[in-house]
Amino acid sequence: MVYNMETEKERELIIMVDDDPVVLRAGKNSLSGSYRVATLTSAEKLFSFLENNIPVLILLDVVMPGMDGYEAIRILKANSKTQGIPVIFLTGRADAANEYEGLSLGAIDYIIKPFVPALLRKRVEIHLLVEAQKKILETQRQALQNFNSDLQRMVEEKTHTVINLQNAIIKTLADMVEYRDNVTGSHVDRTRRGVSILINALKEQDRYRDQVANWNIEILLESSLLHDVGKIAIDDYILKKPGPLNIDEFELMKKHTDFGVQVIEKIKSAAEENEFLYYAKIFAETHHERWDGTGYPFGLEHGEIPILGRIMAIADVYDALVSERPYKEAYSHEKAVEIIREGRGTQFDPELTDIFVSVADMFREP
Ligand SMILES: [Fe+2]
Ligand SMILES: [Fe+2]
């Protein structure tokens with residue numbers, strides 16, 4: 001809009017509606033010193049006038065031929081374009097019941113005719129002041145609301161950045177362990193994929209559906225990347241040994257579950273307890289437990305082993321079988337599935353083994 005000094009200087013418009021020209025003239029005389037006053041002789045004329053003019057205030061008679069003032073205020077208040085215009089009744093109906101009715105319909109004041117010009121001016125002035133203050137308050141409320149949503153957006157952006165950073169650090173930690181482990185390819189990425197396939201299959205089973213619904217799967221899958229993080233504390237000569245481990249070496253290798261828990265506990269002591277660390281600890285601690293109780297570190301059996309540990313056991317072993325290691329060649333997918341099937345009820349949870357077999361095709365390289 002072009003800035004217009006004339007418009008800016010223009011006085012505020014008040015509309016006065018009354019079927020009595022004498023009243024209109026008296027009203028105009030008392031207000032026109034401070035305002036532009038448009039005088040109209042019926043409610044019908046008011047509505048056609050409002051099509052092109054929005055006043056700061058309407059002074060409205062009640063009893064008029066045609067539409068009366070009560071009907072007129074109802075229409076004004078029902079229209080979003082006019083409902084904000086303050087209305088004052090200016091009427092000869094002096095009884096309390098009518099005054100109550102007029103104020104209940106949304107008028108901000110009810111003035112009895114004949115009026116005292118100076119008092120009419122004063123009351124109009126006070127009402128317009130209150131209206132102006134209401135507008136200022138509304139502007140401030142709006143500004144505060146905008147400020148709040150800006151603040152909220154900034155917090156969300158920061159949170160997003162922190163989560164990205166956290167995921168990048170976790171991934172780097174897992175990659176560092178793999179680099180030392182001499183494992184070719186990305187074992188942790190592939191076991192995460194295997195865990196994801198098994199969890200999706202579990203969702204379809206009545207017996208597991210409720211349990212899976214309680215998991216935050218996105219966080220859970222990220223945390224699975226740390227299941228072998230304890231290998232960071234295992235000596236190079238064991239990790240990089242180009243053949244099978246002897247009994248003593250294997251005992252040391254088994255310690256990677258304890259070390260993994262220690263690493264996660266250390267993070268826990270610096271950060272707040274959270275879902276990510278909760279899942280990460282379960283994976284690191286229990287992925288080498290066996291269904292028959294001969295696994296490590298605790299020798300838990302059957303349902304004593306957390307289900308996430310039982311799931312990871314299958315995904316972890318599958319990937320170890322199909323991968324080439326310094327001490328073994330890579331087995332085919334079919335051979336790996338067969339070996340896991342043979343471990344049903346000894347190494348692996350029998351139900352989870354069946355579920356694995358039913359979706360095993362999805363474990364093939366994508
Ligand atoms: Fe492991
Ligand atoms: Fe592993």
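The basis for the numbers below is simple: all heavy atoms, side chains too, and nothing from hydrogens, waters or symmetry mates. Just so you know, ligand 1 is whichever comes first in the structure, and atom 1 is the first atom listed for that ligand.
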Ring center gap for F356 and F363 short of 6.0 angstrom: yes
Name, closest N/O/S atom of H227 to the Fe ion (ligand 2): NE2
Shortest-distance N/O/S atom, D228 versus the Fe ion (ligand 2): OD2
Pairing of E351 and R207 as salt bridge, 4.0 angstrom limit: yes
Sidechain N-carboxylate O distance under 4.0 Å for R192, E218: no
Qualifying residue, where the test is side chain to side chain contact (heavy atoms under 4.5 Å, CB included) with E338 and the options are R341, K335, E334: R341
Metal-centred angle, NE2 of H256 through the Fe ion (ligand 1) to NE2 of H287, rounded to 10 degrees: 100°
N, O or S atom of D316 closer to the Fe ion (ligand 1) than 2.8 Å: no
